[in-house]
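Below, read A as the first sequence line, B as the second, and so on, with proteins coming before strands; counting in each chain starts at 1.
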There are 2 protein chains.
Amino acid sequence: MTAVGQGKGGRAGARRATLATVADLAGYHVSTVSRVLNGTTVPGARSASSAAAERIRQVAREVGYVPNAQAAALRRQRTGMVGVIMARMTDTVAATIYEGVERAAAEHGYQTLVMNSWDDDETRARCVDLLMAHGVDALIHGDALADGSSLQVLERSGLPFVLVNRGAGAYPSVTADDRGGGRQAAEHLLALGHREVGVLAGLPYAGNAIERTRGFCETFAEAGHPVRPDRVVPTTFDSAGGRTGADRLLRAGDGPTALFAVSDAAAIGALGSLRDQGLHPGRDVSVVGFNDMPIAGDLTVPLTTVRSPMREIGERSVALLLAVMEGEPGEVVRFPTELVVRETTGPAPGLTRGR
Amino acid sequence: MTAVGQGKGGRAGARRATLATVADLAGYHVSTVSRVLNGTTVPGARSASSAAAERIRQVAREVGYVPNAQAAALRRQRTGMVGVIMARMTDTVAATIYEGVERAAAEHGYQTLVMNSWDDDETRARCVDLLMAHGVDALIHGDALADGSSLQVLERSGLPFVLVNRGAGAYPSVTADDRGGGRQAAEHLLALGHREVGVLAGLPYAGNAIERTRGFCETFAEAGHPVRPDRVVPTTFDSAGGRTGADRLLRAGDGPTALFAVSDAAAIGALGSLRDQGLHPGRDVSVVGFNDMPIAGDLTVPLTTVRSPMREIGERSVALLLAVMEGEPGEVVRFPTELVVRETTGPAPGLTRGR
DNA sequence: ACGTTATAGCCAAAGGATTGCACAACCCGC
DNA sequence: GCGGGTTGTGCAATCCTTTGGCTATAACGT
């Protein structure tokens, strides 16, 4: 295993150029090179002569010098990376929030190091450890447990962090106003005359799902039409979960006339279930989703849903994190949601449907 | 700025425990601690006594020692991280592939460091630099330009890399058999009697889009019904792109009777366009997508599409990367696709449609 | 012409983990 | 009881950058 034999092209095996390489070639000391390349315009006015600076930059470019972030991180005690934990990237909601996070972080000179926790406790814990090992300066936690149980270790570690998408207790977090969104969905269905409704309630330990369900159910209860407990079924957030849940709710003889899904993907799964049973969304059974993901409006029967500003939520979480890193107190931020009425909802059919 | 003032709980300001901390407390030398904690079961069998090992592990646990990956990476010349560049995570295809990558990488003890390039040249280049700076051991490139122009720098750098999702020339890559998939879509539509078809062709510089379009068009040409060039419109891969493209194709007086979209999202966008024009998918206009993302089968009119094993592609790319890192030659892998016929395709209507 | 002050650049010490080498103690056999 | 072979540990160099301290030179004022 002598030669490195990777890229066929260049000087394979020749290790990356370091400060020393540049210093030698340019005829300066590494410290000078470092200062030039870092543009240390800071206090001591430790600037190099412009001649030196130019020469050094020239050489650096020639040898393709890329600073070793590891070494730099070791010396200054910061990596410029923030860790991001998400349940899974194929959840469009998570992905969109993440895009917001990445963009905002980049704007402030931070890299993001993402990991998928798969909503699994052990993996979640391992993520935190790994991210800490890689020296992230802070953490954005996208899949906290509603009871905050996963966060105590984190808090003890002293690593600054904020929650996003799923809140938990008083921990600093940025989410949609999930409860309010649930209420909006409920009010809409109530206004359409629906009385017997079901909820595809999402994961029972996810703060956002809980709040959405709560807002929805309490609104129906206040209107004098409490949601039957057996009509609130836990699901995953994806379409498969929505489908299974809807199957269960609709196959029962006295199915509900409307469904509220705590995610658009689950709502689409419910649409699949409806279709299989020959039911038409918006006419036979109404369906309301959550988030308003981009395809919602393009469906052949466009989805009524509660819009949440996902990307903004991601961006805001970075701002909040930065504040927390500065030692500021850290707040609980909730973005208002907006009901988007399309065609999967319609007036309630006669109290008892056939079939 | 004396106290650190982050986590309120624990010993804030107390820096992370290091090897030295553990060594002192356990009464051993840091080198011994290092060996124990790394389980250096390697060749020299220079193991520590089990007494020492136990004590050391005990102490490490007590003080919550987390190794500093930066420092370790500096010393051994590897970080255990592979960089991943994707156009954007909200593209479900990219996200799914990434999930495969992450999982497979983790299985082999690697972390992934993802970045979104937004399909922008400058950003793409910056991603590579940043990933190199962070010392990734290798790179998985998910948004190569078809002409390979973005890859020469990379090749020169000597960093091992493979392409995924979008191939380019003879560079090692893992993709679906995009051309074959395009053919399958075409054969299906031909069999249904469609002669006048349009293509939502994706980004003109993306290898996968190009190949899918090519496979499709060549099959129609071979059948004696070449696709009119003005009916092949470039689009983005998302639903907005598909919608705009379909609007353009269908608004022309003599619209095609079928559309092939190089992504499911674009296909769904096309469905939106159809709906707006009062056209029924599968009856008035047939639509074929690509990838078979999970919701495809749950749509109210389920989507006919060409299935590609996205997650597997991601996983395989890691395997290939590992091989390349070992100095093996690096191949071009293409996974076969499978046509999934659902309900957005049907027999071609009379040669000229009304309206 | 000499003292004073910038300026440009070098020196060397971290920072935390890994690892080849050296060393001491111990075991065994004869 | 001593040589040869293990075995468990310690020593110290090394990876690359950053940065406070320091020196030498140049510039400037009177």
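As judged by a 4.0 angstrom heavy-atom cut-off over every strand, Ala73(A) is placed among residues making no nucleic acid contact. At a threshold of 4.0 angstrom between heavy atoms, the contacts of Gln77(A) are confined to the sugar-phosphate backbone, with no base atom among them.
Atoms CG (Asn68(B)) and C1' (dG15(C)) sit 8 Å apart, rounded to a whole Å. dC11(C) atom C1' lies 15 Å from atom CG of Leu19(A), rounded to whole Å. Between Arg55(B) atom CZ and dG8(D) atom C1' the separation is 17 Å, expressed in whole Å. Counting to the nearest Å, the C1' atom of dT18(C) and the OH atom of Tyr28(B) are 20 Å from each other. Spacing between atom CZ of Arg75(A) and atom P of dA12(C) amounts to 16 Å, rounded to whole angstrom units. In this structure, the CZ atom of Arg35(A) is 8 Å from the C1' atom of dT18(D), given to the nearest Å. Distance Leu74(A) CG to dA14(C) P: 13 Å, rounded to the nearest Å. In this structure, Asn38(B) places its CG atom 4 Å from P of dT18(C), rounding to the nearest Å.
Candidate nucleotides dA12(D), dA17(C), dT18(D) were compared by shortest atom distance to the side chain of Tyr65(B), and dA17(C) ranks first.
A 6.0 Å sphere centred on CD of Glu54(A) holds no more than 12 heavy atoms belonging to other residues, nucleotides or ligands.
Listed by chain and residue number, nothing satisfies the side-chain contact (heavy atoms from CB on, under 4.5 Å) test with Val153(B) (two or more places apart in sequence, or in another chain).
An OP1 or OP2 oxygen of dG10(D) is reached within less than 4.0 angstrom by a side-chain nitrogen or oxygen of Thr32(B). The phosphate of dA17(C) (OP1 or OP2) has a side-chain N or O of Thr18(B) nearer than 4.0 angstrom.
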For this session: Output, in order, the C-alpha distance, side-chain angles, deciding distance and verdict of side chain to side chain contact (heavy atoms under 4.5 Å, CB included) for Val63(B) and Val22(B).
Result: CA-CA 8 Å; Val63(B) 300; Val22(B) 179; 4.0 Å; yes

For this session: Give the intermediate values and the outcome of side chain to side chain contact (heavy atoms under 4.5 Å, CB included) for residues Asp119(A) and Arg88(A).
Result: CA-CA 8 Å; Asp119(A) 254 321; Arg88(A) 47 184 310 185; over 6 Å; no

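In this structure, Arg311(A) pairs ionically with Glu99(A), as a charged nitrogen and a carboxylate oxygen lie closer than 4.0 Å.
Proximity of Arg124(A) to Leu145(A): side-chain heavy atoms (C-beta onward) are separated by under 4.5 Å at one or more points.
Looking at Ser31(B), its side chain comes within 3.5 Å of the base of dC11(D) through a donor and an acceptor atom.
Nearer to the 5' terminus of DNA chain D, by closest-nucleotide assignment, is the contact made by Gly27(B) (compared with the other of Arg76(B) and Gly27(B)).
Axis angle across the helix from dA1(C)-dT30(D) to dC30(C)-dG1(D), with five pairs used at each end and values rounded to 10°: 40°.
Sorted pairs that involve residues 62-77 of chain A and meet salt bridge (Lys or Arg N to Asp or Glu O under 4.0 Å), not counting sequence neighbours, are lacking altogether.
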